[in-house]
Engineer: 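Below is a structure I'd like to ask you about.
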Amino acid sequence: MNQLLYEGRTLVGMVSSIIRQDTMHVLYNRLDWERMFRLADYHRVANVVYLSVLGKGDALPDRWRDRFFERYQEALLFGENCEESFRELLMWLDMREVSCTLLTSISMRELYKLPETAENTPVQILLDEENYLLAKGYLVDLGYETDQIYKGYGERMKRISGVSVILYHKLPFRTSGYIKNMQKILEDSYIREPYLNIRELPAESEFIFRMAKAVYGYVSDELRLREVLDLQIFHRAWREEINWEAVQKKLEDFQVDELGEKLLRISYMWFGDKKDNYFTDQPEDVTVYDILEDRLLTQGTINRESDMQALRLEKAIKKEIEREKRGEGRELYWEKITDSFRVFRKKLRWIFPDYHYMSSIYPMVERLPVLLPFFWGVRGVRLFFRLFIK
């Protein structure tokens with residue numbers, strides 16, 4: 001079995017045992033804990049894994065036990081500080097009349113049975129370019145630092161206390177169809193009381209955002225276990241209250257409704273209650289879920305993709321990436337031309353200095369400016385003989 005796939009499935013089992021509150025037999029002594037920590041940290045579930053390895057004695061080296069504990073401790077500190085920090089940020093944005101939209105809500109943490117197993121990013125905030133820079137500057141003043149950059153879209157900012165926030169100045173999608181449909185979702189946002197400039201998405205729209213983003217992450221091989229887990233927990237909490245016909249229609253507009261359903265179902269296979277109908281009502285042919293699982297857990301290393309919606313979206317993303325590369329190539333070309341022209345002008349100014357410089361060396365130029373070209377020649381001859389004499 002592929003090593004990354006084996007480690008991925010082991011990681012899913014560890015996280016699932018805590019979320020479901022059941023037991024799982026893991027050969028802890030046979031695991032490469034450095035790789036497991038890096039994998040868990042990449043998928044942002046290291047705090048959950050720490051609970052899974054408690055009481056395992058010498059199976060886990062102290063060094064890596066401490067690293068897992070650091071992530072767990074960050075989650076605990078986050079729980080103590082997140083609401084206050086989040087309220088402080090929103091109040092500052094509102095007082096300065098900074099208009100923004102909360103793409104995901106802080107209430108996500110409350111949906112976990114064990115709050116300390118939630119992620120340390122309560123919200124994702126969308127702002128325009130100008131307000132993005134203002135908000136980032138404010139967070140820097142509060143002690144936040146850039147933790148991860150989403151090139152062209154925004155960044156994740158983190159404070160020592162463990163609290164982190166994702167700021168976007170552009171929706172994190174490349175394809176025009178995705179952006180167009182996501183902008184329609186944003187139209188459903190409403191003012192979050194008691195603020196005047198802060199908007200948030202209703203549960204239905206937030207679920208669509210999470211689902212569409214998860215699908216996009218899957219086809220670009222950037223989907224993390226945390227996003228799959230959040231999707232399952234959010235769906236479980238709201239599925240009795242959301243208008244699923246409306247959700248289905250909007251996901252059809254994204255052209256990811258079928259693939260989204262597969263991701264949701266596998267999230268229940270991994271983390272859901274075994275008595276839940278999303279777990280028990282499985283299709284006879286589970287090959288498609290094996291393909292999805294292999295690709296997701298290996299970040300695309302194993303890719304036997306057969307889903308038409310995934311292939312279509314993947315093709316559209318690659319097309320946009322190629323277009324961006326061509327654009328970057330043109331920009332680099334013109335930058336080289338501009339740089340060459342700048343160097344040429346600099347050399348030209350050195351060979352033919354301006355009037356003020358020449359008149360300070362040759363007073364005759366100040367009295368008779370028409371002699372400027374003549375003294376350029378005189379200066380050139382002097383420089384040439386100076387080089388020759390040396």
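Position 1 is the first residue of the sequence, and the numbers go up from there. What you see below is based on every heavy atom in this structure, not just the backbone, and it leaves out hydrogens, waters and symmetry mates.
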Engineer: Indicate, with yes or no, if I198 and L133 share a hydrophobic cluster defined by side-chain heavy-atom contacts under 4.5 Å among Ile, Leu, Val, Met, Phe, Trp and Tyr.
Structural biologist: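 Yes: a chain of side-chain contacts under 4.5 Å links L133 to I198.
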
Engineer: So, are E119 and R109 salt-bridged, with charged N and O less than 4.0 Å apart?
Structural biologist: no

Engineer: Whether the R159 and S85 side chains hold a donor-acceptor pair (N or O, under 3.5 Å, no angle test) is what I'd like checked.
Structural biologist: yes

Engineer: Name the residue from K158, R156, E74 that meets the side chain to side chain donor-acceptor pair (under 3.5 Å) definition with S164.
Structural biologist: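 Testing S164 for a side chain to side chain donor-acceptor pair (under 3.5 Å) against K158, R156, E74 leaves exactly one candidate, R156.
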
Engineer: Is it the case that the ring center of F207 lies less than 6.0 angstrom away from the ring center of W244?
Structural biologist: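 Distance test on ring centres: under 6.0 Å, yes.
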
Engineer: Looking at Y168 versus Y153, is the centre-to-centre ring distance below 6.0 Å?
Structural biologist: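 That pair fails the under 6.0 Å test.
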
Engineer: Centre-to-centre under 6.0 Å for Y72 and Y50, is that the case here?
Structural biologist: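 So the answer is yes for these two rings.
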
Engineer: Are L201 and L186 packed together at the side-chain level, in the sense that at least one heavy-atom pair is separated by less than 4.5 angstrom?
Structural biologist: yes

Engineer: Considering residues, nucleotides and ligands other than E252, do more than 12 of their heavy atoms fall under 6.0 Å from its CD?
Structural biologist: yes

Engineer: With the threshold set at 4.0 Å, does a side-chain nitrogen-carboxylate oxygen contact exist between D188 and K250?
Structural biologist: yes

Engineer: Can you find a side-chain donor-acceptor pair between E155 and Y150 that sits under 3.5 Å?
Structural biologist: no

Engineer: Okay, side chain of R226, backbone of R44: is any donor-acceptor separation there less than 3.5 Å?
Structural biologist: yes

Engineer: Is it the case that over 12 heavy atoms from other parts of the model lie below 6.0 angstrom from the CD atom of E84?
Structural biologist: no

Engineer: Sequence neighbours excluded, which residues qualify as ring pair (Phe, Tyr, Trp, His ring centres under 6.0 Å) partners of F352?
Structural biologist: W376

Engineer: Locate the shortest heavy-atom distance separating V219 from R295; write the atom from each residue and the value.
Structural biologist: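 Answer, listing the atom of V219 first, then R295: O-NH2, 2.8 Å.
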
Engineer: Quick one: which of R30, R35, R38 gives a salt bridge (charged side-chain N to carboxylate O under 4.0 Å, His left out) with E7?
Structural biologist: R35

Engineer: List the residues meeting ring pair (Phe, Tyr, Trp, His ring centres under 6.0 Å) with Y218, not counting sequence neighbours, and say none if there are none.
Structural biologist: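 Residues passing ring pair (Phe, Tyr, Trp, His ring centres under 6.0 Å) with Y218: none at all.
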
Engineer: For residues L231 and Y42: do they belong to one hydrophobic cluster (side chain heavy atoms under 4.5 Å, members Ile, Leu, Val, Met, Phe, Trp, Tyr)?
Structural biologist: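 Unlinked, L231 and Y42 end up in two clusters.
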
Engineer: CD of Q21: more than 12 outside heavy atoms within 6.0 angstrom?
Structural biologist: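 Count over threshold, so yes.
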
Engineer: Is the shortest distance from a Lys or Arg side-chain nitrogen in E293 or R9 to a carboxylate oxygen in the other one below 4.0 Å?
Structural biologist: yes

Engineer: Please list all pairs meeting ring pair (Phe, Tyr, Trp, His ring centres under 6.0 Å) that have one or both residues in residues 93-149, counting only residues at least two apart or in different chains.
Structural biologist: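 Passing the test, one end in residues 93-149: W92-Y138, Y132-H169.
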
Engineer: Work out which heavy atom in V228 is nearest to a heavy atom in L223; give both atom names and the distance.
Structural biologist: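 For V228 versus L223, the nearest heavy atoms are CG2-CD2, 3.8 Å.
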
Engineer: To the nearest 0.5 Å, tell me how far K184 NZ sits from I179 CD1.
Structural biologist: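 Answer for the NZ-CD1 pair, K184 versus I179, is 13.5 Å.
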
Engineer: Do L297 and V286 belong to the same hydrophobic cluster, where Ile, Leu, Val, Met, Phe, Trp and Tyr are linked whenever their side-chain heavy atoms lie under 4.5 Å apart, directly or via other members?
Structural biologist: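 Yes, it is one cluster - the side chains of L297 and V286 are joined through contacts under 4.5 Å.
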
